[in-house]
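What follows is a single structure, written as C-alpha cells, with notes after it.
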There are 2 protein chains.
Amino acid sequence: MTLLEKTSTSPDPEDRSMAIRETLRNAIIDRRLAPGTKLSEAEVGALFDVSRTVARAALQMLTFEGLVKTERNRGAFVSHPSPEEARQIFASRRLIEPGIVTAAVERITRDDIARFREQLIEEERYINDRGPAARRAEIKASGDFHLMLASVAGNAILQRFMDELVARSSLVIALYGRSGVSSCGHSEHFAILDLIERGDAKRAADLMLHHIDHIEADLDLQPKQGVALRDVLATG
Amino acid sequence: MTLLEKTSTSPDPEDRSMAIRETLRNAIIDRRLAPGTKLSEAEVGALFDVSRTVARAALQMLTFEGLVKTERNRGAFVSHPSPEEARQIFASRRLIEPGIVTAAVERITRDDIARFREQLIEEERYINDRGPAARRAEIKASGDFHLMLASVAGNAILQRFMDELVARSSLVIALYGRSGVSSCGHSEHFAILDLIERGDAKRAADLMLHHIDHIEADLDLQPKQGVALRDVLATG
DNA sequence: GCTGTGCAAATTGTATGCAATTTCGATATC
DNA sequence: GATATCGAAATTGCATACAATTTGCACAGC
C-alpha cells in the first residue's frame, strides 16, 4: 500500500503542519483571510492546538508557495501581490495552461468529462446565488476548474505549479478585480471543456489563452505610482 | 532601502537556513551528494554548526523544491527521481523554456549578451578538461545557461520554477545520463544565444525545444519494470 | 544454521525556554 | 500641543529537552 505514488498535492494526513497549511491556504484562497493579515505563530498554534514549531512549519510552506510573506523578526502576513507580481502570475499561466489543455485532450476520459460537467454546474449555482459565502465558493470553484485540468494532464510538477499560480491568482483578483469575478469566465469554462471533449486541442488551447487574457483584463493593474510614498507626503 | 523588491531566488544572507539550503542545493546539483544519500538533521546541523531546528528548516525547503524527499519518522534523502518523474520534468521544461526564450529576446541587453558569451566560454573550458571536478563544473555551467536565460526573461515566478526544474534535471542526468553530459548541448547553447541576439524569437524558441529534446534523448529512461516488486517476487 | 522476538540505540516529531528584535505607549521636553 | 526618548510587552529566532517511532542487533527457540 505504501508503495503507491502519492500525488504531491494531497496532504499527508499524518503531518499536522501540512493540514494547517491546507486550511490556511483555503482560507486565503476564498478571501476569509485578506491580504496583509498578520499570521502570528502563537495565534496559529493556539487556533490549531499545536506548538509554535508546527505552526511555524506551516507558515514556512505557505511562504514558499508565495501565499504568505514573512519578514524577519516581524512575522508572517498574507501576501499582498504588487501589480507587477500579478502580471508575472498571469504571464506564467499564459505560458503553462495552453500546454496543460493540450495534454489534457490526450488523456481525458469520459468519467473525467462527467466530473467536469458536475463541477461547472455547481460553479453556475454559486454565480446565481447572492451573498459573500456564494462569492467565496464561486471563486474557489472557478479556480478548481483550472486545477482539475492540471490534474487530468497527468504531470505532477505542472500540477504543483498550477496550484501555486491559481492560489496566487485568487489573491490578485481579490485585490485588483473590478467586477468580483468575471462571469464571462464561466461560460468560457464550458466552451473549453467542449473543445477538449471534441479533441480539438489547438482551439481548446487557444481559448484557454483568451480566457486567461479575459481574467487579467478584468483587473485594474495601474502602476500604482511607483513614487507613491513621496507623492503622498508631498500632498499630505 | 527596504522598499526595494528582492528577487525570490537570492538568499537572505541573514537567514541561516537559507544559506544551508543553498550549499546543500549546490552539492546536490553538482553530484557531490548522490541521489539516495541520507541527510540527517543532526548531521546537517553539526556540519553547519546550527541546531536541528535550523537544519530542519533547510531540509524542508529542499523537500519543497523536490531535491530532497523526506519520509515521516525516517528522515530526509537526496531525491532519486523515477523515470516517470524525469519525463515530467522535461515535459515541464518543454512547456516553459520556449516561452522564456521568447521573453528573453524582448528584454536582453548588449551587456547580458556579453555575460552570456563569457559564461559559454567558461563552459567550453570545462568540457575540454578531464576529471570529476571539471565534469561537475560542466554540469553546473550547463544548467546556469538556462537559469541566466530565465533571469533575463524578467519573470521571478518562472525563474523560480526553472531553478527547480534545472536542479532536478541535474539529478535526472546523474541517474539516467548515458554520456555524462551531451556535449552537443553546448554548441546548441551558442546557437540559441546567436538567434536571440539576432532577435529571431521564433527560431530561438524552436531550437530551445530541440535542445531539451536532445538532452532527454541522451537519457536511458527505460520503464524500469513498473511491476517491479511483483515480478521480482514471482520469479524469485 | 535459520527464523522470530524483544530490547537498545539512533532518529525524527513536538513542545518549551531563553535571547534578540520589534512595537507601542508613557513620559519628559521643547 | 507636538515631538523625541525610553522601557515594557509582545513576537520571532534559535537551541534544547523529551516523547514517539524506527532500525538493527542480540539472543532464544526450532
Side-chain angles (χ1 to χ4, degrees), chain A residues 1-4 6 10-24 33-64 66-80 229 232-233 236, chain B residues 1-4 6 10-24 33-64 66-80 233 236:
Chain A
M1 206 57 81
T2 60
L3 290 176
L4 291 173
K6 187 165 278 186
S10 84
D12 203 64
E14 318 237 320
D15 211 351
R16 294 195 279 169
S17 60
M18 203 70 108
I20 295 173
R21 168 194 165 217
E22 279 296 314
T23 303
L24 289 180
L33 287 173
T37 306
K38 167 144 198 193
L39 301 172
S40 89
E41 299 177 358
E43 191 184 352
V44 171
L47 205 55
F48 292 91
D49 199 46
V50 295
S51 75
R52 276 180 51 214
T53 307
V54 176
R56 189 185 178 85
L59 292 173
Q60 263 176 303
M61 290 191 267
L62 290 167
T63 299
F64 233 82
L67 289 182
V68 157
K69 192 157 188 155
T70 69
E71 296 170 40
R72 184 173 178 92
N73 282 319
R74 294 230 27 249
F77 306 83
V78 178
S79 281
H80 191 302
L229 185 57
V232 168
L233 295 180
Chain B
M1 203 57 83
T2 59
L3 290 176
L4 291 172
K6 185 166 282 190
S10 84
D12 202 70
E14 316 236 320
D15 208 352
R16 294 192 279 167
S17 60
M18 204 72 107
I20 294 173
R21 168 192 166 219
E22 280 296 314
T23 304
L24 289 180
L33 287 172
T37 305
K38 167 145 201 193
L39 302 171
S40 89
E41 298 176 358
E43 193 185 351
V44 171
L47 206 55
F48 291 92
D49 200 47
V50 296
S51 76
R52 274 181 52 214
T53 308
V54 177
R56 189 186 177 85
L59 292 174
Q60 231 181 307
M61 290 190 267
L62 290 167
T63 298
F64 235 82
L67 289 182
V68 157
K69 190 157 190 156
T70 68
E71 296 170 40
R72 183 171 177 93
N73 281 317
R74 296 231 23 249
F77 305 83
V78 178
S79 282
H80 190 302
L233 295 180

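Worth knowing before you read on, the calculation uses all heavy atoms, side chains too, and leaves out hydrogens, waters and symmetry mates. Here is the naming used below: chain letters follow the sequence lines, and residue numbers restart at 1 for every chain.
Ser17(B) and Ala57(B) get closest at one heavy-atom pair: CB-CB, 3.9 Å. The two atoms that bring Lys38(B) and Arg74(B) nearest to each other are NZ-O, 2.9 Å, heavy atoms only. Residues Pro35(A) and Ser79(A) approach most closely at CB-O, 3.2 Å, considering heavy atoms.
Picking from dT12(D), dC14(D), dT14(C) the nucleotide with the shortest atom distance to the side chain of Glu41(A) gives dT12(D). Among the nucleotides dA15(C), dA15(D), dG13(D), the one closest to any side-chain atom of Val50(B) is dA15(D). Of the listed nucleotides (dG17(C), dA15(C), dT11(C)), dA15(C) has the atom at the smallest distance from the side chain of Ser51(A). Here dC14(D) is the nucleotide among dC14(D), dT12(D), dT16(C) with the atom lying nearest to any side-chain atom of Val54(B).
Rounded to whole Å, the distance from CD1 on Ile20(B) to C1' on dC14(D) is 12 Å. Rounded to a whole Å, the CZ atom of Arg52(B) is 8 Å from the P atom of dG13(C). The distance from atom CG of Asp15(A) to atom C1' of dT14(C) is 11 Å, rounded to the nearest whole Å. Between the P atom of dT14(C) and the CD atom of Gln60(B) lies a distance of 11 Å, rounded to the nearest Å. When rounded to the nearest whole Å, the span between CG of Asn73(A) and C1' of dC14(D) equals 11 Å. Between Leu59(A) atom CG and dT11(D) atom C1' there is a gap of 13 Å when expressed in whole angstrom units. Atom CE in Met18(A) sits roughly 17 Å away from atom P in dT12(C) (whole-Å rounding). One interatomic measurement links the two molecules: CZ of Arg72(A) to P of dT11(D), which rounds to 18 Å at whole-angstrom precision.
Nearest-nucleotide positions on DNA chain C for Thr53(A) and Lys38(B) put Lys38(B) closer to the 5' end.
The side chain of Arg56(A) contributes no N or O atom lying less than 4.0 Å from OP1 or OP2 of dT16(C). Put simply, Arg16(A) has a side-chain N or O that comes within less than 4.0 Å of OP1 or OP2 on dT14(C).
Exactly one residue among Leu67(A), Ile20(A), Val54(A), Leu39(A) makes a side chain to side chain contact (heavy atoms under 4.5 Å, CB included) with Leu59(A). That residue is Leu39(A).
A donor N or O paired with an acceptor N or O is not found under 3.5 Å between the base of dG13(D) and the side-chain atoms of Arg74(A).
Thr70(A) places no side-chain N or O within 3.5 Å of a backbone atom of Ala76(A) that could act as its donor or acceptor partner.
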